[in-house]
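Have a look at the structure below before the remarks.
A, B, ... follow the sequence lines: proteins, then strands. Residue 1 opens every chain.
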Number of protein chains: 2
Amino acid sequence: MPKNTFYNLSDEKKGRIFDAALEEFSVRTFDQASLNQIIKNAGIPKGSFYQYFENKEDIYLYMAEIILKEKSDILNCVRGIDPDADVFEIIMHTTREFIKQGKEKPGYAEAGMRMKLDNSEIAKRVRKSSAEKFVTMLERDKERGLIKPEVDSQVVINMISTFSLNEYYENGSDKERYLKNLGQAIKIIKDGIAQPKD
Amino acid sequence: MPKNTFYNLSDEKKGRIFDAALEEFSVRTFDQASLNQIIKNAGIPKGSFYQYFENKEDIYLYMAEIILKEKSDILNCVRGIDPDADVFEIIMHTTREFIKQGKEKPGYAEAGMRMKLDNSEIAKRVRKSSAEKFVTMLERDKERGLIKPEVDSQVVINMISTFSLNEYYENGSDKERYLKNLGQAIKIIKDGIAQPKD
DNA sequence: CCATCAAATGACCACCTGGTCTCATGTAAA
DNA sequence: TTTACATGAGACCAGGTGGTCATTTGATGG
């Protein structure tokens, strides 16, 4: 975690450093990202950086934490609206909300996504918990008899999240296309796991 | 492409260099991979390397070409057996064959998979053509009325290939689990896109 | 025996990396 | 005014990168 000297900084400077980290980590993975580039973006000297953070990993985790928090805020907000809503609807809704935010804060969504495909141990650690909520919701639907009992919820969530990630990249700035494809994929999965009524 | 000096080398030396490249590129992405490590693995001096290859990209493409060729050989072989076979069966079969090969040649499959998640332009270029064959086969099934007409074949293939990649990594050396999950995912998709008989 | 020429070689280059260390500066207390 | 101390600052470090180049080696043909 950042040192006290960082938290003592003005909000403006803290923001500048956060943005600089976001700018770099949204374009490169943890290993590839250059610390020198971050401090250049932020306009602070190397020495100052190490006065604020332990090391490169430190600022990465700091940034990741903020992004993930924001993401889970969206999720909690959506769930608040209708606790019994369809899991797939919630996923689509959350994704749409996340993209909407991404338009206002460019790099936000990019960094979040990149974190997923980052193979470094540190990124793996960060992204672990994110899918758990959806798995739980699927399990609930299974108990309700809406989903074939033999289906592995974790597999289903992995299918969606990996596809979502990939399409996000493939389609670049064409978010409409991304959402369309994600919608179709989710529909296919939904049809594929639905418990047929007899 | 490699220079003539490379092809003039003894098979033993060529093999040593290929193995060295495979060893490095199966563990690191193109950008992260170290040329110095490759020449150390191969036991050749730096100067010799540049007598054989134009640059780092050159040897990467050389290696990728060989791996992809091997992969498409498997695919063609499988297709040869039963040209009318189910697309999903073929994918599962190909995957199993590829893993079987991977057991004999460690690093082979790893490098092929890593190529997929490598974000460098050069890796993107390499992996482009790989999915096309499967899309064509799906289109054929659609014309036969086996698949809902509104389904986008590209989306379906992307769903499978991205999931396959992700599971391959998640499950590490547990190939059985990987195949089991892939089988389940494919079944879900198959059920999800099947044209219901009425 | 010599000339030719392709191939082998590793020292070397400029550049970049994450991280350290010393010193200057500003502020606040004594 | 002096002392103390947190912080700003950037030169510097060792180690790595991909790539070059002058030189040596060794085989071939005259």
Using atom [atom1] of [X] as one end and atom [atom2] of [N] as the other, report the distance to the nearest whole Å.
X	N	atom1	atom2	result
B:K13	C:dT9	NZ	C1'	10 Å
A:D31	C:dG18	CG	P	10 Å
A:Q51	C:dG26	CD	C1'	14 Å
A:K40	D:dG10	NZ	P	15 Å
A:E24	C:dC16	CD	P	14 Å
B:K3	C:dA8	NZ	P	12 Å
A:I39	C:dC16	CD1	C1'	13 Å
B:F49	C:dA11	CZ	C1'	18 Å

Query raised in the report: Would you say the side chain of B:E57 lies within less than 4.5 Å of the side chain of B:F30, judging by non-hydrogen atoms?
Result: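 B:F30 vs B:E57: side chains touch.
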Query raised in the report: What's the verdict on salt bridge (charged side-chain N to carboxylate O under 4.0 Å, His left out) for B:K148 and A:D191, showing C-alpha distance, side-chain angles and the deciding distance?
Result: CA-CA 12 Å; B:K148 292 178 190 162; A:D191 291 349; 2.9 Å; yes
Where the side chain of [X] is defined as all heavy atoms beyond and including C-beta, which of [options] is the nearest nucleotide?
X	options	answer
B:K46	D:dT20, C:dT9, C:dG19	D:dT20
A:S34	D:dT7, D:dG18, C:dG18	C:dG18
A:N36	D:dG8, C:dA8, C:dT17	C:dT17

Query raised in the report: Is the phosphate of D:dG19, meaning OP1 or OP2, less than 4.0 Å from a side-chain N or O of B:Y50?
Result: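 Yes, B:Y50 has a side-chain N/O under 4.0 Å of OP1/OP2 on D:dG19.
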Query raised in the report: Does B:N8 have a side-chain nitrogen or oxygen under 4.0 Å from the phosphate oxygens OP1 or OP2 of C:dA7?
Result: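 Indeed, a polar side-chain atom of B:N8 lies that close.
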Which is true for [X] with a 4.0 Å heavy-atom rule: it touches a base, it touches only sugar-phosphate, or it touches nothing?
X	result
A:T5	sugar-phosphate
A:L9	sugar-phosphate
B:F53	nothing

Query raised in the report: Any donor-acceptor pair under 3.5 Å between the side chain of A:K56 and the base of C:dG19?
Result: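 No, no donor-acceptor pair under 3.5 Å.
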Query raised in the report: How many angstroms lie between CZ in A:F49 and NZ in A:K56, if you round to the nearest 0.5 Å?
Result: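 If I round to the nearest 0.5 Å, the distance is 9.5 Å.
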Query - Cationic N near anionic O, under 4.0 Å, A:E143 to A:R140 - result: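 Salt bridge absent between A:E143 and A:R140.
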Query raised in the report: Do NZ/NE/NH1/NH2 and the carboxylate oxygens of B:R28 and B:E24 come within less than 4.0 Å?
Result: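 Looking at B:E24 together with B:R28, the answer is yes, because their closest N to O distance falls below 4.0 Å.
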